[in-house]
Colleague: 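Pasting a structure below so you can have a look.
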Number of protein chains: 2
Amino acid sequence: MTTDQTPLTPIVPVAFGQRRQEVVARIKDYIVANSLKPGDPLPTETELCEAIGASRSSVREAVKTLAALDIVEVRHGHGTFVGSLSLAALVESLAFRGLLSGEDDHRVLGQVVEVRQTLEQGLSSQIINNTTRADHARLLDLAQEMVERADRGEDFLEVDRQFHLKLMEPLGSDLLLQLTEAFWQVQAIVAPTLRPEPPAHILTARLHVAIAEAIAQGDESDLRTAIADHYAPVRSAIAQAHRRG
Amino acid sequence: MTTDQTPLTPIVPVAFGQRRQEVVARIKDYIVANSLKPGDPLPTETELCEAIGASRSSVREAVKTLAALDIVEVRHGHGTFVGSLSLAALVESLAFRGLLSGEDDHRVLGQVVEVRQTLEQGLSSQIINNTTRADHARLLDLAQEMVERADRGEDFLEVDRQFHLKLMEPLGSDLLLQLTEAFWQVQAIVAPTLRPEPPAHILTARLHVAIAEAIAQGDESDLRTAIADHYAPVRSAIAQAHRRG
DNA sequence: TGGGATTTGTACGTATGTATA
DNA sequence: TTATACATACGTACAAATCCC
């Protein structure tokens, strides 16, 4: 027998001006009811129209809404699939706010930095208790690569990203990993409006080494301090920009 | 003279299969370039079509994408406006994930609780240092109202929400407030799948009083403990459900 | 290699519900 | 109440991408 499948629910009688929202709900229900996982195929647009009882325009607009939340993913000429359920929407949302606040006002950026620091400091003891020697070595490697690249005048964005993800990885929380990724991306998008000078880059790179060493030595107090120091350059750049503006 | 206004950029020559994304970018650019604020009106759909040079379908789908991120807000029969830039998308995204993970697996819920606790504990000292006597009184009032309602067998969801928002309010960070609101909502949506017993509710309510008292007395250590205790009932309910599943 | 079938992307026309003056 | 402006919804036609035989 084929796998039992919960069908899509037709709309039938719904007030005007709510078709799209209803279609959104139907598609979400369909995914939940059938316990679909990221990558699983959804019915084609035509099938969705027939099953739900809405026009293709309504279905397409609903699908676009879900796509913005990464609940579904649409591939041109191929089909519609369950999305990867990332926090891409959070990145979009916060990054736009950061850019909208403008050149002079870096409030959003400052608040993002504050949250990042709070999370990393707050999880210090758990990071120390859940990292292995291999983790320590990897973190030190990444930190040293950042220093080398900074000294050569190269950027080390991607290495920095990997470092902060690696920091959270041992905690085994998808949510923490994705929040880290999201906030990191927001900062990466918005921070360039600060136009920080290279010396700050070099200092920031070196301060990652202190973080890695504190973890390796299992010193929680040192780790919290190192994390705070590491965010200091960005903080001061924000404060400086605020004085200029 | 009227206010100078940066116009919408036409698309002109763009690869097929990217119209909608281009329109999304144009609208975002338009908002940023004109420094529009939440509630400010955007051009009508017709005007957007003409100015950008895309069909109504493309424009509508693009607007729906932006609406999902709360970057724009559409009012039927009235017009399109800049959205309130909330984290509604984060709530949608996480809540869906929580519901999708199913009755048996409350991983997402557990991770949300972990993040909430980490943030509140990590901000303990700042909460203590930034609250006034009026804040202390208000927090105690809310906590006591929760106890009363719990004793009467009523739910105290809304009071709980206000309590946790009030906790973050003195820190003056929009982002922290909205993250608090978002995570709270996710928990409020997903937690009912746990079907916790009333005794846990009463205990949870009482533990809010301990939080409020610790803040009033300025004891950071007590506050961190009280926060951890306050999340203990949910944690154990999650663990219990995990054993059952 | 190619070509046809499937599926999504774009465009346009029309009718209708909704909000405001 | 009427008039106007606006978003909502449906249907059709065709373009473009992907897949498979």
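All of these numbers come straight from a predicted model, not from anything done at the bench. Numbered from 1 within each chain, the chains take letters A, B, ... in sequence-line order.
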Colleague: Can you find a side chain N or O atom of B:T80 that sits less than 4.0 Å from OP1 or OP2 on D:dA7?
Modeller: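 So the side chain of B:T80 is within the cut-off, an N or O lying under 4.0 Å from OP1 or OP2 of D:dA7.
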Colleague: Do B:H76 side-chain and C:dT18 base share a donor-acceptor contact under 3.5 Å?
Modeller: no
Colleague: What heavy-atom pair brings A:I127 and A:T131 nearest, and what distance separates the two atoms?
Modeller: O-OG1, 2.9 Å
Colleague: Round to a whole Å and report the spacing from CD of A:E45 to C1' of D:dT18.
Modeller: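 Atom-to-atom, A:E45 to D:dT18, this comes out as 14 Å.
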Colleague: Roughly how many Å is it from CD in A:E50 to P in D:dC10, rounded to a whole number?
Modeller: 14 Å
Colleague: Does the side chain of A:R19 get closer than 4.0 angstrom to OP1 or OP2 of D:dC10 through an N or O atom?
Modeller: yes
Colleague: Touch check for B:T44, heavy atoms < 4.0 angstrom, all strands: base, sugar-phosphate only, or nothing?
Modeller: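 The answer is sugar-phosphate, as B:T44 gets under 4.0 Å only of primed atoms, P, OP1 or OP2.
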Colleague: Across the strands shown, which category fits A:R56 at heavy-atom distances under 4.0 angstrom: base, sugar-phosphate, nothing?
Modeller: base
Colleague: Side chain of B:S57, base of C:dC12: donor and acceptor closer than 3.5 Å?
Modeller: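 Yes, the side chain and the base share a sub-3.5 Å donor-acceptor pair.
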Colleague: Could you check how far NZ of A:K64 sits from P of C:dT10, rounded to whole Å?
Modeller: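 It is 8 Å, rounded to the nearest whole Å.
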Colleague: If I take atom NE2 in residue B:H78 and atom P in nucleotide D:dT8, what distance separates them, rounded to the nearest angstrom?
Modeller: 13 Å
Colleague: Side chains of B:R161 and B:Q187: is there a donor and an acceptor less than 3.5 Å apart?
Modeller: no
Colleague: Nearest whole angstrom, please: distance from the P of D:dA7 to the CD of A:Q21.
Modeller: 16 Å
Colleague: What integer distance in Å separates B:E61:CD from D:dT8:P?
Modeller: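 Distance check: B:E61 CD to D:dT8 P gives 13 Å.
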Colleague: With a cut-off of less than 4.0 Å, is there a side-chain N or O of B:R75 near OP1 or OP2 of D:dC6?
Modeller: no
Colleague: Kindly point out which of C:dT10, C:dT8, D:dA9 is positioned nearest to the side chain of A:S55?
Modeller: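 Output: D:dA9.
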Colleague: Do A:Q162 and A:R138 have a side chain donor and acceptor closer than 3.5 Å?
Modeller: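 Per modelled atom types, A:Q162 and A:R138 side chains form a pair under 3.5 Å.
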Colleague: Rounded to whole angstrom units, what separation is found between the CD atom of B:Q18 and the C1' atom of D:dA17?
Modeller: 12 Å
Colleague: Would you please say whether a donor-acceptor pair under 3.5 Å links the side chains of A:Q185 and A:E181?
Modeller: yes
Colleague: Give A:R60 one of three labels, base, sugar-phosphate or nothing, depending on what nucleic acid heavy atoms sit under 4.0 Å from its own.
Modeller: base
Colleague: Could you state the CZ-P distance from A:F81 to D:dA17, rounded to the nearest angstrom?
Modeller: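 Rounded to whole Å, this separation is 17 Å.
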Colleague: Looking at A:R235 and A:E114, does any basic side-chain N land under 4.0 Å from a carboxylate oxygen?
Modeller: no
Colleague: Side chain of A:S58 only, please: which of C:dC12, D:dA9, D:dT8 is the nearest?
Modeller: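 Between C:dC12, D:dA9, D:dT8, the one nearest the side chain of A:S58 would be D:dA9.
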